[in-house]
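Notes follow once the structure below has been shown.
Please read all numbers here as calculations on a predicted model, not as lab measurements.
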Amino acid sequence: MFSPLWGDGYEEIKVIGRLKNRKNLGVIITSSKYIRNWRLQKVFQPFIVKTMQERGGWDATEESKRRIENMLVWLPNRTVVVGKDPLEGTLCNK
């Protein structure tokens, strides 16, 4: 995930991930509401580190870490669960 670019309140974000039906990684733009499992994680893959550095992504500074931790307070609330069973988590009497 990259830092905010467009000033849209982080509704659309640039992410690095596995492209559909491919083994390699790529950069795409997607809606943040479909991202689950928001977390801060150390990255070691050379492709990801290089791509983040070349495209103005997060870096290894304490400032980036602090900004990400602040964003993790509100980002998970944006997630929309798609295809969830409406009865999941309810109790049934049989």
Going through the checks in order, is the side chain to side chain contact (heavy atoms under 4.5 Å, CB included) test met by Met52 and Ile16? CA-CA 9 Å; Met52 294 292 283; Ile16 300 173; 3.9 Å; yes

Gln53 vs Asp59, test: side chain to side chain contact (heavy atoms under 4.5 Å, CB included). Steps then yes/no. CA-CA 7 Å; Gln53 290 171 347; Asp59 55 26; over 6 Å; no

I'd like to know whether Lys50 forms a side chain to side chain contact (heavy atoms under 4.5 Å, CB included) with Glu54, so could you lay out the CA-CA distance, the side-chain angles of the two residues, the decisive distance to 0.1 Å, and finally the verdict. CA-CA 6 Å; Lys50 181 181 175 191; Glu54 290 176 352; 2.8 Å; yes

Steps toward side chain to side chain contact (heavy atoms under 4.5 Å, CB included) verdict (Ser31, Glu12): CA-CA 4 Å; Ser31 177; Glu12 299 291 321; 3.9 Å; yes

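Checked by atom type and distance alone, the side chain of Arg78 never pairs as donor or acceptor with a backbone atom of Pro76 at under 3.5 Å. Judged by distance alone, with hydrogens and angles left aside, the side-chain atoms of Thr51 form a donor-acceptor pair with the main-chain N or O of Phe47 at under 3.5 Å.
Nearest heavy-atom pair across Ile35 and Ile13 is CG1-CD1, 3.8 Å. When all heavy atoms of Arg39 and Leu72 are compared, the pair lying nearest together is N-CD2, 3.8 Å. Residue Asn77 comes nearest to Val73 through the heavy atom pair ND2-O, 3.8 Å, listed as atom of the first residue, atom of the second, then distance.
Under the 4.5 Å side-chain contact rule for hydrophobic residues, Leu40 and Trp74 share a cluster.
A distance of 6.0 Å separates CZ in Arg55 from NZ in Lys14, rounded to the nearest 0.5 Å.
Scored by the side-chain contact (heavy atoms from CB on, under 4.5 Å) test, Gln45 finds Leu25, Ile48 as partners (sequence neighbours excluded). Qualifying side-chain contact (heavy atoms from CB on, under 4.5 Å) partners for Glu63, counting only residues two or more places apart in sequence or in other chains: Thr61, Arg66, Arg67.
Inspection of the Arg36 and Thr79 side chains reveals no N or O donor paired with an N or O acceptor under 3.5 Å.
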